[in-house]
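Reading through the structure tokens given below for one structure.
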Amino acid sequence: SQKIEQNSEALNIQEGKTATLTCNYTNYSPAYLQWYRQDPGRGPVFLLLIRENEKEKRKERLKVTFDTTLKQSLFHITASQPADSATYLCALIHGSSNTGKLIFGQGTTLQVKP
Amino acid sequence: DTAVSQTPKYLVTQMGNDKSIKCEQNLGHDTMYWYKQDSKKFLKIMFSYNNKELIINETVPNRFSPKSPDKAHLNLHINSLELGDSAVYFCASSPWFGKIYEQYFGPGTRLTVT
């Protein structure tokens, strides 16, 4: 069956450290993978998009990698701050889809402690 | 200015009632979506419209009916509400339904069916 999985356990790290979140998928061939941030009581906010032929994408303190062999994307936040505390969702678009249908993981909650 | 807005923010109603949720985007986008986020935080696509035309229609009970009067609005009408309909419903938009666009989410409508 098709699955997209993120670590359901919360990730707790100390301020200033690098946070690494994992997104694994099974039986999908994503052409694109996106990462979103969701704060409590709010809608998801787009962060980064990476294409299947890109290995890495960066934006300020954020970095995303995409390994189609391992079927995995990693999301890194360097020099993390308490304001980075939120739930992070990965989402993919299956390669055969031409409708823009996003399939989301269940998200990983990050807690950055001062 | 709010990019994607939804009303109401909270909706509490009894089983069997009919209710509507409204969504408007002022981004000039052609594509709009409805998502359902359940208590386990899974965000799942329900419908997508592109320029008032239905693009995505997931396996959703036909008690749910989307209506798009113009490309800036996508409303969701739910008939004969059931307890299992309790969730947060998010509206989103994107420039087009192609693969490479991020989606912009509204603040969500928390529906509670008692």
Side-chain angles (χ1 to χ4, degrees), chain A residues 1-10 21 23 25 28-54 57 59 62 64 66 86-110, chain B residues 2-10 21 23-25 27 29-51 53-60 87-111:
Chain A
S1 63
Q2 294 177 316
K3 286 191 295 187
I4 176 169
E5 292 181 305
Q6 297 181 251
N7 192 342
S8 58
E9 293 183 8
L21 286 67
C23 176
Y25 56 90
Y28 283 112
S29 298
Y32 302 86
L33 196 142
Q34 302 183 11
W35 283 87
Y36 288 78
R37 168 183 173 144
Q38 187 174 21
D39 291 283
R42 293 179 174 263
V45 174
F46 171 78
L47 296 174
L48 281 168
L49 177 152
I50 188 164
R51 293 170 171 76
E52 62 180 334
N53 60 353
E54 297 177 316
K57 202 81 170 278
K59 179 182 174 183
L62 309 180
V64 172
F66 193 6
T87 296
Y88 291 86
L89 306 168
C90 70
L92 58 81
I93 294 180
H94 192 45
S96 61
S97 168
N98 63 354
T99 61
K101 175 181 170 181
L102 273 179
I103 303 160
F104 280 87
Q106 78 270 38
T108 297
T109 298
L110 172 67
Chain B
T2 304
V4 182
S5 59
Q6 296 178 229
T7 53
K9 174 83 172 162
Y10 300 96
I21 307 172
C23 178
E24 176 182 1
Q25 55 93 5
L27 297 167
H29 289 168
D30 283 319
T31 307
M32 296 184 73
Y33 310 82
W34 276 111
Y35 286 87
K36 178 180 180 180
Q37 189 168 45
D38 61 24
S39 57
K40 294 186 178 178
K41 305 298 183 185
F42 272 104
L43 194 61
K44 194 168 180 187
I45 183 102
M46 299 172 70
F47 303 103
S48 164
Y49 270 75
N50 186 72
N51 214 358
E53 181 184 347
L54 184 65
I55 299 294
I56 296 173
N57 185 358
E58 289 293 288
T59 308
V60 175
V88 182
Y89 292 84
F90 288 99
C91 176
S93 73
S94 66
W96 192 248
F97 61 89
K99 301 182 181 185
I100 63 171
Y101 293 109
E102 66 269 27
Q103 295 183 14
Y104 296 77
F105 284 80
T109 295
R110 181 173 292 276
L111 172 64

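Residue numbering restarts at 1 for every chain, and letters A, B, ... go by the order of the sequence lines. Note that these values count all heavy atoms, side chains included, but never hydrogens, waters or copies made by symmetry.
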Atom CZ of A/Phe66 with >12 non-hydrogen neighbours under 6.0 angstrom: yes

Over 12 foreign heavy atoms within 6.0 Å of CD, A/Glu9: no

side-chain hydrogen bond (donor to acceptor under 3.5 Å, both in side chains) against A/Thr109, all qualifying residues, sequence neighbours excluded: A/Thr87

Flag if over 12 foreign heavy atoms under 6.0 Å of CD, B/Glu53: no

B/Glu102/A/Gln34 under side-chain contact (heavy atoms from CB on, under 4.5 Å): CA gap, chis, key distance, verdict: CA-CA 8 Å; B/Glu102 66 269 27; A/Gln34 302 183 11; 4.3 Å; yes

Top contributor to chain B contacts, counting heavy-atom pairs under 4.5 Å, from A/Ala91, A/Pro44, A/Gly107, A/Gly43: A/Pro44

Reported CD-to-NZ distance for the pair A/Gln106 and B/Lys44, which is rounded to 0.5 angstrom: 14.0 Å

Pairs where residues 38-47 of chain A contributes a residue and the test side chain to side chain donor-acceptor pair (under 3.5 Å) is met, not counting sequence neighbours: A/Arg37-A/Asp39, A/Gln38-B/Gln37

A/Phe104 and its ring-ring contact (aromatic ring centres under 6.0 Å, His included) partner, picked from B/Tyr33, B/Tyr35, B/Phe42: B/Tyr35

Chain A contact via B/Lys9 - side chain, backbone, both or neither, heavy atoms under 4.5 Å: side chain

Residue B/Ile56 versus chain A: region with a heavy atom under 4.5 Å: side chain

